[in-house]
Amino acid sequence: AAIISIRDLKKSYDNGFEALKGVSLDIEKGEIIALLGPNGAGKTTLIGAVCGLVTISSGQALVGGFDVAKEPRRARRLIGLVPQELALDLFETVWNSVRFTRGLFGLPRDDAHIENVLKSLSLWDKKDNQCKELSGGMKRRVMIAKALSHNPEVLFLDEPTAGVDVNLRRDMWKVVGDLRNTGVTVILTTHYIEEAEEMADRVAVINKGSILLVEDKTQLMQSF
Ligand code: ADP
Ligand code: ADP
């Protein structure tokens, strides 16, 4: 069964703007899917709706079988979210930052899990550094580590390479590639087709609030 199931999802913002016009999509456990589309397409709105940050106007989103509108806390427990903006306590250490986020979910301390997460993101030797001491790429990795702190089933990465240079972009591609081995389902957004192809197994092309097509990446280029 799908880990995420989105059915005829619509979102109109308070000013009446229809940002999602009936989106349906099933996402399988363990896959990496890219939402590809230009600025303003509705990618962030879609992520927000599934994560419970944006109220859904009509339709439904299920995460691990939980309806995000009806059981938001249960759904959220399964979700890790890395927003576009870096949001770190710069004076805090890497270790404490990640442990604190886990604590927000009311979960017991699990130092072994945090160690694994930090090692998998090549942050282990930075665990005692304050976030302010890290490079931009490392700060982004800490954001991902925080989002993985509570063992989520699905990880949302909103524009993981927005505003970063070429080297950092490749670094992020590798980070996402490494997530493939962890079994976590990854949903990322991008407006670069080559990036969608590089990172994802499947690509959903979204524009003006609608999904135009969903293709395995091997098929994607032939569709254009
Ligand atoms: P993307 O992530 O693909 O760039 P967004 O989901 O951020 O797109 O935005 C989709 C559309 O919804 C845009 O036209 C944006 O201006 C509009 N929008 C986003 N947030 C709001 C809001 N709070 N109120 C009104 N319109 C919004
Ligand atoms: P609330 O008390 O309203 O549930 P929380 O403090 O649990 O608020 O979280 C605030 C918002 O930020 C929620 O929408 C939550 O889903 C989101 N959030 C914060 N950190 C994470 C994270 N690491 N992964 C997923 N969602 C997160």
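For reference, positions follow the sequence shown, starting with 1. When a ligand or atom number is given, it counts from 1 through the structure's own listing order. It should be emphasised that the depicted structure is a prediction, and the values quoted were computed from it without experimental measurement.
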Which donor-acceptor pairs under 3.5 Å do side chains of residues 121-131 form with protein atoms, sequence neighbours excluded?
{"residue": "Asn129", "atom": "ND2", "partner": "Glu133", "partner atom": "OE1", "Å": "2.9"}
{"residue": "Gln130", "atom": "OE1", "partner": "Lys132", "partner atom": "NZ", "Å": "3.4"}
{"residue": "Gln130", "atom": "NE2", "partner": "Phe91", "partner atom": "O", "Å": "2.8"}

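A salt bridge is absent between Arg202 and Asp26; no separation between the charged side-chain nitrogens and carboxylate oxygens falls under 4.0 Å. Residues Glu153 and Lys29 are paired through a salt bridge, judged by an N-O separation under 4.0 Å between the basic side chain and the carboxylate. Ion pair Asp171/Arg140 not flagged as a salt bridge, since none of the NZ, NE, NH1 or NH2 atoms sits closer than 4.0 Å to an Asp/Glu carboxylate oxygen.
The immediate protein surroundings of ligand 1, defined as residues with any heavy atom under 4.0 Å of it, consist of Tyr13, Asn15, Phe17, Ala19, Pro38, Asn39, Gly40, Ala41, Gly42, Lys43, Thr44, Thr45.
Both cation-pi conditions hold for Arg169 and Tyr192: the charged atom is under 6.0 angstrom from the six-membered ring centre and inside a 45 degree cone around its axis.
Taken together through direct or relayed side-chain contacts under 4.5 Å among Ile, Leu, Val, Met, Phe, Trp and Tyr, Val186 and Leu62 form parts of separate hydrophobic clusters.
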